[in-house]
There are 2 protein chains.
Amino acid sequence: MTADVRIAEVAALIGDPARANILSALMGGQALTASELAYAAGVSPQTTSGHLGKLTDGRLIACVRQGRHRYYRIATPRVAEMLEGIMAVVADLPPRHRPPSKLDEAMRNARTCYDHVAGKLGVNLTDALCARGHLVLSDDGGEITDSGVVFFRDFGVDLAAARSRRRIFCRPCLDWTERRPHLGGTVGAVLAQRCFDLNWLQRMRDGRALTVTPAGRQGLSETFGLSL
Amino acid sequence: MTADVRIAEVAALIGDPARANILSALMGGQALTASELAYAAGVSPQTTSGHLGKLTDGRLIACVRQGRHRYYRIATPRVAEMLEGIMAVVADLPPRHRPPSKLDEAMRNARTCYDHVAGKLGVNLTDALCARGHLVLSDDGGEITDSGVVFFRDFGVDLAAARSRRRIFCRPCLDWTERRPHLGGTVGAVLAQRCFDLNWLQRMRDGRALTVTPAGRQGLSETFGLSL
DNA sequence: CTGATAGTACGGTCGCGGCCGAACTATTCG
DNA sequence: CGAATAGTTCGGCCGCGACCGTACTATCAG
């Protein structure tokens, strides 16, 4: 009973269009400033400030001050998973009207999902890892095989350090455009980070969409056998 | 962008206290009538009817008519998982004030979580299965061992039939009172069902709380080594 | 110091939506 | 058939909260 009212409070925080836009923008994984979020939300800076205050009070986002900027981010991985859960339900809903735009197209191809790679690219990466026997993914969870440990080490990713973190290590995350699972959890996060470090992937301005660099095109082909 | 507004719509559906109460009541796993839900929500039948209409339109709940009654239930397991995700975030929040009531106490001891057993009993059952080597549960997912298959068969549960369902087979579900995982997924559901069939567990009126019958006390002790 | 930019606080408007009373439809029972 | 119960629809009230204009506090540049 007493918990229900708090469920309603949290859901109401997400249930405003401006705030949903803010959270969705932050699901890109980057910390963003109040101004950037005002633009993403489509409302004035004053209004945005109010929303950010509410979201911060509700512990859904966190804020770090840096000079005259304030950077906001999703507070915890658990909050990110909650939002993914809502997106999964939304993806299940019967489509209403979808005027496909260019940005939508880019989003479908490749985007970040909190801190890992989603979209066609994310699903294809995951499939490649499974096909090569580096990863076993079920509906329930996932596991890196022995050959996968070697593969990741050669790729420059330290799985041992990743495994020691508190967070869920390896799990499938339902892709709301492809409607198939892609790799999430800590493993998904370090894999994405490595791709950014290698400059294989770059974030597009104003959004969660990603572009594959020429180096990335070559690297993804050689390492994962992906032809883009 | 276009998906964000639907996220907000879904979250807003959950974000009303009366509707959150309704959904929470339905998370008990039973289909309930409109009157029962009106009582659970704490609002008039007319108001409840409006809420139920909105929730049904939003595909969060489904309705089956039976005579002059209408039974409402959570529409899909995915919706149930979304709600669990919200509850997990709520459980993370710093506690406000909690005047512990008798019903709360019963809920903490044993309750249903959509269709499986939660609370102290759920966690202890899960621990017992793990300790006996019938179940391996990680943060990521879970697996029934060979000895577990035998154990469940002897217990009268047909895992093969359960495995063939589309739904996630075996997964950990964060318990929001114990803050530790208990067994969810299809395996959790059939285990709970078997306990109901054996009349080991009974639902209490008006709520998700469960009582252990004398037969259940004996059976749970003999089969799982639980002393209650 | 002044001017510019990032962000917040406050006050007032306004519209959406939750709420209930009353009236209406559908099913069961005697 | 008529009475009783389950549930919905309609209409009107009312309050919460999103929104913006204005004014304010920080930080930085020159």
Side-chain angles (χ1 to χ4, degrees), chain A residues 1 4-26 30-73 205-206, chain B residues 1 4-26 30-73 205-206:
Chain A
M1 267 294 196
D4 302 358
V5 52
R6 308 202 64 175
I7 292 174
E9 286 171 11
V10 169
L13 277 177
I14 313 168
D16 173 80
R19 287 193 293 262
N21 279 329
I22 289 172
L23 290 169
S24 187
L26 290 176
Q30 289 182 108
L32 299 174
T33 65
S35 319
E36 290 169 320
L37 291 171
Y39 177 79
V43 293
S44 71
Q46 311 91 294
T47 303
T48 303
S49 178
H51 287 312
L52 292 174
K54 287 192 173 78
L55 288 170
T56 307
D57 286 346
R59 315 289 178 117
L60 296 190
I61 65 176
C63 175
V64 315
R65 304 179 53 153
Q66 210 162 95
R68 58 178 162 178
H69 293 281
R70 299 198 184 182
Y71 285 91
Y72 291 89
R73 60 172 174 82
R205 286 189 311 112
D206 292 338
Chain B
M1 267 292 196
D4 302 358
V5 52
R6 307 202 65 175
I7 293 174
E9 286 171 12
V10 168
L13 278 176
I14 313 168
D16 173 80
R19 286 194 294 263
N21 279 329
I22 289 172
L23 291 168
S24 186
L26 291 176
Q30 289 183 108
L32 299 174
T33 65
S35 318
E36 290 168 322
L37 291 171
Y39 177 78
V43 292
S44 72
Q46 311 92 292
T47 303
T48 304
S49 178
H51 287 311
L52 292 173
K54 287 192 172 77
L55 289 169
T56 307
D57 286 346
R59 314 288 179 116
L60 296 191
I61 65 176
C63 175
V64 314
R65 305 179 52 154
Q66 210 163 95
R68 60 178 161 177
H69 292 282
R70 299 198 184 183
Y71 285 92
Y72 291 90
R73 61 171 174 81
R205 286 188 310 112
D206 293 336

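Convention: sequence-line order gives letters A, B, ...; per-chain numbering from 1. A quick note: this is a predicted structure, and the numbers were derived from the prediction, not measured.
Rounded to whole angstrom, the span from the CG atom of B:Leu52 across to the C1' atom of C:dG18 amounts to 14 Å. Whole-Å rounding puts the B:Arg70 CZ to C:dT28 C1' distance at 15 Å. Atoms OH (B:Tyr72) and P (D:dA6) sit 14 Å apart, rounded to a whole Å. D:dA6 atom P lies 10 Å from atom CD of B:Glu36, rounded to whole Å. If you take CG of B:Asp16 and C1' of D:dG17, they are 14 Å apart, rounded to a whole angstrom. When rounded to the nearest whole Å, the span between CD1 of A:Ile22 and P of D:dA18 equals 11 Å.
Side-chain N/O atoms of B:Lys54 include one lying less than 4.0 angstrom from OP1 or OP2 on C:dG18. Dashed line: the shortest gap from a side-chain N or O of A:His51 to OP1 or OP2 of D:dG17 is not under 4.0 Å.
Across all strands shown, A:Tyr71 has no heavy atoms under 4.0 Å from either base or sugar-phosphate atoms. Residue A:Thr33 is classed as a sugar-phosphate contact, given heavy-atom separations below 4.0 Å to backbone atoms only.
Counting only residues at least two apart or on different chains, the salt bridge (Lys or Arg N to Asp or Glu O under 4.0 Å) pairs with a member in residues 9-20 of chain B are A:Arg96-B:Glu9. Legend: salt bridge (Lys or Arg N to Asp or Glu O under 4.0 Å) pairs involving residues 46-67 of chain A, not counting sequence neighbours: none detected.
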Inset, instruction - Quick one: do A:Leu37 and A:Asn21 satisfy side chain to side chain contact (heavy atoms under 4.5 Å, CB included)? Show the steps, please. - result: CA-CA 8 Å; A:Leu37 291 171; A:Asn21 279 329; over 6 Å; no
Legend entry - Pair A:Arg70-A:Val64, side chain to side chain contact (heavy atoms under 4.5 Å, CB included): steps then yes or no: CA-CA 6 Å; A:Arg70 299 198 184 182; A:Val64 315; over 6 Å; no
Inset, instruction - Give the C-alpha distance, both sets of side-chain angles, the deciding distance and a yes or no for side chain to side chain contact (heavy atoms under 4.5 Å, CB included) between B:Leu55 and B:Ile14. - result: CA-CA 9 Å; B:Leu55 289 169; B:Ile14 313 168; 6.0 Å; no
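Listed candidates were D:dA18, D:dT8, C:dC19. Nearest to the side chain of B:Ala18 is C:dC19.
Taking CG of A:Leu32 as the reference point, atom CZ of A:Arg73 lies at 12.5 Å (rounded to 0.5 Å).
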Tabulated below should be each protein N or O lying under 3.5 Å from an N or O of nucleotides 24-30 of chain D; please produce it.
| from | atom 1 | to | atom 2 | distance (Å) |
| --- | --- | --- | --- | --- |
| D:dT27 | O2 | A:Arg68 | NH1 | 3.4 |

Are any protein N/O atoms closer than 3.5 Å to N/O atoms in nucleotides 20-24 of chain C? If there are, list each pair with its distance.
| from | atom 1 | to | atom 2 | distance (Å) |
| --- | --- | --- | --- | --- |
| C:dC20 | OP2 | B:Ser44 | N | 3.1 |
| C:dC20 | OP2 | B:Ser44 | OG | 3.1 |
| C:dC20 | OP2 | B:Thr47 | OG1 | 3.0 |
| C:dG21 | N7 | B:Gln46 | NE2 | 2.5 |

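The two residues A:Ala8 and B:Ala20 make their nearest non-hydrogen contact at CB-CB, 3.7 Å. Between B:Ala38 and B:Pro45 the shortest heavy-atom distance is CB-CA, 4.2 Å.
The stretch residues 7-14 of chain B has no heavy atom under 4.0 Å from DNA chain C, so no residue of it qualifies as close.
Partners of B:Ala34 under the side-chain contact (heavy atoms from CB on, under 4.5 Å) rule, at least two apart in sequence or in another chain, are B:Leu52, B:Tyr72.
Side chains of B:Glu36 and B:Thr33: a donor-acceptor N/O pair is present below 3.5 angstrom, by distance only.
In this structure, the side chain of B:Thr48 engages the main chain of B:Ser44 through a donor-acceptor pair within 3.5 Å.
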